[in-house]
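Single-structure report; data block below.
When a residue number appears, it is its place in the shown sequence, counting from 1. Atoms within a ligand are numbered from 1 in the order they appear, just like the ligands themselves.
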Amino acid sequence: MEWTQELKQELADWLLSAELEKREVEKITSRYPELPIEVAYDIQRLLIASKEQAGERCIGLKLGLTSKAKQQMMGVHEVIYGYLTDDMLATEWEPTPYERFIHPKAEPEIAFLIGEDLQGTNMTADDVMRATAYVAPAIEIIDSRYENFRFTLPDVVADNCSSTSFVVGNTWVAPDAVDLSLVGVVMSKNGLVQTTGSGAAVLGHPAEAVAWAVNKLGERGLGLKKGQIILSGAITEAISFAAGDNVLVQIGGMGSVTFVCR
Ligand code: OOG
Ligand code: MG
């Protein structure tokens with residue numbers, strides 16, 4: 001079949017309206033089983049372009065499915081990337097209303113604040129660490145627009161990798177102050193431990209995930225920019241939460257970050 005610009009735009013608009021109207025939709029591959037991954041990234045780009053036209057600003061990137069825990073949970077075994085916009089940035093001190101979401105889940109992540117532009121197709125984790133100004137604990141809230149939070153690889157890519165919201169902790173740590181593969185991670189809900197892991201769950205070292213993204217973007221002539229925030233991917237499986245819940249992520253040597261849903 002032919003993937004015309006019109007069809008890609010129609011699918012991007014359809015996902016965007018699901019997000020705005022807070023409702024689940026059938027996954028794209030139910031209708032178009034042969035959605036190529038490159039076309040899925042084109043749809044994602046169009047979705048982000050619509051958000052930008054509506055006044056949102058891209059402030060960074062997120063990696064997805066970078067840990068075994070997440071790959072097994074979702075049944076999708078490849079690393080993916082999507083975009084973060086300023087509308088998605090939540091703060092620790094302002095509770096987020098549950099009505100903002102469809103069926104959200106929280107994930108513990110390590111955020112990178114990029115200190116220097118980085119572009120190329122052969123970048124390594126060391127290059128990423130050199131270009132990083134700070135790292136910090138983060139919580140990503142994901143909220144797939146698809147029914148029952150189920151999808152295939154191209155579906156989730158088109159849906160901007162389930163992105164909806166994220167909080168970055170206020171303890172910014174110099175990248176070489178901790179060993180990001182050895183840090184221990186504990187995610188709790190309402191004071192009870194839910195999941196545990198270590199930084200190495202993310203491709204051996206979270207900077208590997210960021211390097212992968214740089215190289216992927218490089219293939220499209222794009223790169224990371226100074227000041228961008230990069231979420232390197234969930235270290236453990238994601239957990240569901242409801243109105244009234246609070247989620248806490250603690251990372252050894254890096255402090256903590258909380259998210260409150262009202
Ligand atoms: C896709 C997004 C996964 C992560 O950190 O692994 C993700 C999903 O599971 O809905 O953000
Ligand atoms: Mg994530």
Side-chain angles (χ1 to χ4, degrees), residues 15 18-19 22 24-29 35 37 40-41 43-44 47-48 59-85 88-90 96 101-112 135-169 180 183 185 187 194-213 216 228-241 247 249 251 257 259:
L15 286 171
E19 180 180 347
K22 325 270 174 239
E24 302 179 322
V25 292
E26 189 184 44
K27 60 185 191 296
I28 298 177
T29 55
L35 175 64
I37 188 73
Y41 275 106
I43 295 170
Q44 182 195 101
L47 189 121
I48 297 301
I59 58 170
L61 209 69
K62 65 156 285 181
L63 281 298
L65 310 177
T66 51
S67 62
K68 277 264 163 348
K70 277 293 307 191
Q71 294 189 348
Q72 275 162 5
M73 180 177 192
M74 305 321 295
V76 178
H77 299 270
E78 279 184 64
V79 177
I80 52 180
Y81 72 86
Y83 286 89
L84 301 174
T85 73
M88 298 177 190
L89 186 59
T96 303
F101 307 117
I102 306 166
H103 41 202
K105 295 182 184 177
E107 303 179 323
E109 306 213 9
I110 292 174
F112 287 67
V135 290
I139 297 173
E140 185 184 22
I141 311 297
I142 50 169
D143 195 23
S144 174
R145 268 53 69 172
Y146 298 122
E147 281 165 0
N148 306 317
F149 226 115
R150 301 306 308 173
F151 43 69
T152 67
L153 173 70
D155 288 309
V156 65
V157 165
D159 187 30
N160 194 29
C161 305
S162 311
S163 304
T164 193
S165 189
F166 68 102
V167 196
V168 180
L180 292 180
V183 291
V185 179
M187 178 162 66
Q194 305 289 313
T195 67
T196 59
S198 70
V202 172
L203 301 183
H205 190 294
E208 292 287 351
V210 183
W212 176 88
K216 269 286 178 224
Q228 282 186 324
I229 300 170
I230 317 299
L231 296 180
S232 51
I235 292 161
T236 73
E237 62 270 41
I239 57 164
S240 299
F241 59 85
V247 176
V249 167
I251 305 188
V257 54
F259 171 83

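Around the Mg ion (ligand 2), protein N, O or S atoms at less than 2.8 Å comprise E107 OE1, E109 OE2, E140 OE1.
The backbone N or O of L65 lies less than 3.5 Å from a partner atom in the side chain of Q71, making a donor-acceptor pair. No side-chain donor-acceptor contact under 3.5 Å links D159 to the backbone of S144.
Considering only heavy atoms from C-beta on, L47 stays 4.5 Å or farther from Q44 through its side chain. The closest side-chain heavy-atom distance from I142 to K62 is below 4.5 Å. No side-chain heavy atom of S232 sits under 4.5 Å from any side-chain heavy atom of E208. With a 4.5 Å cut-off on side-chain heavy atoms, E107 and T236 do not count as touching.
Heavy-atom contacts from other residues, nucleotides or ligands closer than 6.0 Å to NZ of K22 number more than 12.
Using a 30° and 60° split on the angle between ring planes, F241 and F101 fall in the perpendicular class, above 60°. Ring geometry for F149 against F151 counts as tilted: the plane angle lies between 30° and 60°, on a 0 to 90° scale.
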Contacts table for ligand 1: protein N or O within a distance under 3.5 Å of ligand N or O, distances only.
unit_1, atom_1, unit_2, atom_2, d
ligand 1, 5 (O), E107, OE1, 2.9
ligand 1, 5 (O), E109, OE2, 3.0
ligand 1, 5 (O), A234, N, 2.8
ligand 1, 6 (O), L65, N, 2.8
ligand 1, 9 (O), K70, NZ, 2.7
ligand 1, 10 (O), S162, OG, 2.6
ligand 1, 11 (O), K62, NZ, 2.7
ligand 1, 11 (O), E107, OE1, 3.1
ligand 1, 11 (O), E140, OE1, 2.9

